[in-house]
Amino acid sequence: GGNKNLAKRQKLPERTDPARWRLRDDAGCQTWHYLDDDAEAKKWPQSLADKYFLELPLNLPDLHKATNPTEAVQNGLDFFEKLQLPPGNWGCEYGGPMFLLPGIVIAWYVTKTPISLAYATEIKNYLFARAHPDDGGWGLHIEGESTVLGTALNYVTLRIVGVEADEPPMVKARATLHRLGGATHGPHWVKVWLSVLGVADWAVVNPVPPELWLLPDWVPIAPWRWWIHMRMVFLAMSYMYSKRWVCEETALVRALRQELYTEDYAHIQWAAHRNSIAPMDNYHPKSWLLNSVNWALVHVWNPYLRPNLLKQRAEQWVSDLIDMEDENTDYADLAPVNNPMNMVCCYIRDGPDSYAVRRHRERLHEFLWVKGEGLLCNGTNGVQCWDTAFAIQAVVDAGLHTDPRWRPMLLAALAFLDDQQIRDEAPHKDKAYRQRRKGAWAFSTKTQGYAVSDCISEALKSVILLQKTPGFPQRLDDQRIFDAIDTVLTFQSPSGGCASYEPPRAGEWMEMLNAAEVFGNIMVEYDYPECTTAVVTVLSLFRQHWPDYRAGEIQRFIQRSVAWIKTVQRPEGGWYGNWGICFTYATMFALESLYSVGETCANSEHARRACVFLLSKQRPDGGWSESYRACERGEYIEHPSGSLVVQTAWAVIGLLKADYPDVAPLRKAVAFIMSRQQPNGEWLQEAIEGVFNKSCMISYPNYKFVFPMKALGQFHHRYPKENVV
Ligand code: LAN
């Protein structure tokens, strides 16, 4: 098997040949391939997009210098068009979180999945490149301080792919891990992975009882009510925990036991470290309630009460639910946390050569991405539908969708969204507690198949905008548009707002059971300004074109949503962004939705207050700048590196949608965005753009294209005579 090869492997090469990497995109299913074979490499030449992702020289000519914002959009499109992938979608690196790749690599190791030399080499390069410059550790995300979570998991990952313990970056990382208390001080997820790997004892893991899945649906804490990401992780974890499964002991396992701890492995009091956690990792300390429940489970339930029959029934039902998740998604699964865990569960249950394990093995590759720095794990199996929807909107906002120059690009993008619309319910919809999804779009692909309120909205908006433009094919007939609307209409919460994957199924009090320690607000769904406003905007657009379809319901939905949006406006005038950094992001969406119902500065106190807020944050160079710290602290905090194009674009779009009456600040902001455009039409990567669960940052590299273009296009549409330059 692969592990033996790895154990004997020579020192990993310094790097792979970047000219041999290729991205394949099969109807949105994206995988990276390393072509060892010269003949094969010749037959499959590197595309410009491949080179761009790998940060290789593109040698593109300088474009004609833009003399107004629309020309700047055209230059931007000239570049961005080259990144469109054959099925019509855009893709990109979607990294940031530092706890994803280790799950995949550990899952490979414990299931004896060979790791190719090219993959191993570039994993090493990525992790070395992303080690904290001061202490050599890793954090929760690429911009964060070192934590036990990041350092222990990524250290283990490097060892698995074949890096020796005495290499200088490893020595440095180990010192940091020990300074933070060693792996005994890791959060829950670390302890789970290390126990599976056999480099910790399951006694160190706080309970993950599969029995919870046997609770009747009416019970308020029943797991089907949790946020889908938490319950899917909990599901697979509970299976591994219940089995206390450990992989085969190897020389590497024995070595890691000596490397990860400050104490002698043989003498560690595992049970006493269940609640040990480094302060840096403890973003959300466990509640007294959860601590008491854990105590009772460990000291009373597990040893004395737990009937064997119940345990078996729970494991069986959990196993069935894992199968349903796998079948619902063709083994793509919800995200790169539950996917590798499900794979391990299938391996435990079905053995190494089962179809389930082999299919997981294939699909795991879709999470991996290669860039100049090396190989990383994306936050999802891609950004396909989401980024493609915004790309279309950027062209439309600039009024360039009728220009034949961009027609092939738009037709391909529309064809992609057509292909990616989800046409049926999940096969195990009700048993697996899935939300309605017919007619929806996912964030990534239809195989992953999870409808998200704002992903449906942005994709549908783009489809309607194109299909209502004379000359565009009607790829989606009205019925398919109605299917999407019908699904959108199931997303409203009692509050009037909208959450992400499902309307909330329980209240915030469930955070009392948040066992993950490293994230806040993860146990249940919440209503989000961005999701709610995207839904309002698409409903407003839809009813302009189909004024009779479910008109009363749509009217009431919009009214209640808009009322909710107003209640979550901050006293200073902004909205807190949960998925983008931070106030500029959510404030843009909020102002777009107010505009879609006719509210602007001229008639709305809310729009006016939002403009005052935005303008109070404009910097002397005309730009805006927000740091990820804003998400953690819930207040506007500037990024130390000065104005940023993405946040500036968000602010400009917000001000334009509010119809802010003074052009001067807008002109300055637009000039700033244009000044950052490169001669070949591109914008360069700046600070990280996205966030989830308040504490974890995630990159949206295409935002530096789509939002500046939207902002410039909208500005020029509103002020056609302002040339800015
Ligand atoms: C995403 C990415 C997209 C994002 C938006 C569409 C932007 C948002 O408006 C709604 C929520 C959603 C779909 C979202 C939810 C959480 C995700 C899937 C992520 C931030 C990408 C990665 C993250 C996922 C939870 C990562 C795995 C971590 C766990 C805690 C399980």
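It should be emphasised that the depicted structure is a prediction, and the values quoted were computed from it without experimental measurement. Just follow the structure's listing: the first ligand is 1, and inside any ligand the first atom is 1.
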Side chain to side chain contact (heavy atoms under 4.5 Å, CB included) between V524 and R505: does it pass, once the steps are laid out?
CA-CA 7 Å; V524 287; R505 295 171 174 185; over 6 Å; no
Using a 4.0 Å heavy-atom cut-off, which part of Y450 comes near ligand 1: side chain, backbone, both, or neither?
neither
Please enumerate all residues that pass side chain to side chain contact (heavy atoms under 4.5 Å, CB included) together with A451, with sequence neighbours excluded.
R437, A440, I456, F491
Closer than 4.0 angstrom, basic N to acidic O: yes or no for R130 and E373?
yes
Quick one: does ligand 1 sit under 4.0 Å from the side chain of A516, the backbone, both or neither, non-hydrogen atoms only?
neither
Hey, looking at atom 1 (C) of ligand 1, which of F519, F443, Y94 has the closest heavy atom?
Y94
For ligand 1, which atoms, with element, lie under 4.0 Å from some heavy atom of C455?
6 (C)
With a 4.0 Å cut-off on N to O distance, would you call E511 and K694 a salt bridge?
no
Under 6.0 Å from the OH atom of Y595, do we count more than 12 heavy atoms belonging to anything else shown?
no
Provide the full list of salt bridge (charged side-chain N to carboxylate O under 4.0 Å, His left out) pairs with a residue in residues 330-345, sequence neighbours left out, each pair given once.
D330-R359, D330-R363
For atom 10 (C) of ligand 1, which of F692, W386, W579 has the closest heavy atom?
W579
G379 neighbourhood, listing ligand 1 atoms whose heavy-atom distance to it stays under 4.0 Å:
22 (C)
Tell me: protein heavy atom nearest atom 17 (C) of ligand 1, and distance?
H229 NE2, 4.1 Å
Can you tell me if NZ on K429 sees more than 12 non-hydrogen neighbours from other groups inside 6.0 Å?
yes
Side chain or backbone of F234 under 4.0 Å from ligand 1, or both, or neither, by non-hydrogen atoms?
neither
I'd like to know if the side chain of E525 and the backbone of Y501 have a donor-acceptor N/O pair within less than 3.5 Å.
yes
Counting only heavy atoms, which portion of F99 has something under 4.0 Å from ligand 1: side chain, backbone, both, or neither?
side chain
Does Y528 come within less than 4.0 angstrom of ligand 1, counting non-hydrogen atoms of the residue?
no
For V337, the atoms of ligand 1 under 4.0 Å from one of its heavy atoms are 27 (C), 28 (C), 31 (C)
Near Y700, which atoms of ligand 1 are under 4.0 Å from a heavy atom of that residue?
2 (C), 3 (C), 7 (C)
Any carboxylate oxygen within less than 4.0 angstrom of a Lys/Arg side-chain nitrogen, looking at R423 and D483?
no
shortest atom 13 (C) of ligand 1-to-protein heavy-atom contact is with Y501 OH, 3.6 Å
Examine ligand 1 and decide if any of its atoms is less than 4.0 Å from a heavy atom belonging to F589.
no
Can you say whether the rings of Y703 and F707 are parallel (under 30°), tilted (30 to 60°) or perpendicular (over 60°)?
perpendicular
Quick check: does D454 get an N/O under 3.5 Å from an N/O on ligand 1?
yes
If we number the atoms of ligand 1 from 1 as shown, the ones under 4.0 Å from a heavy atom of W189 are 29 (C), 30 (C), 31 (C)
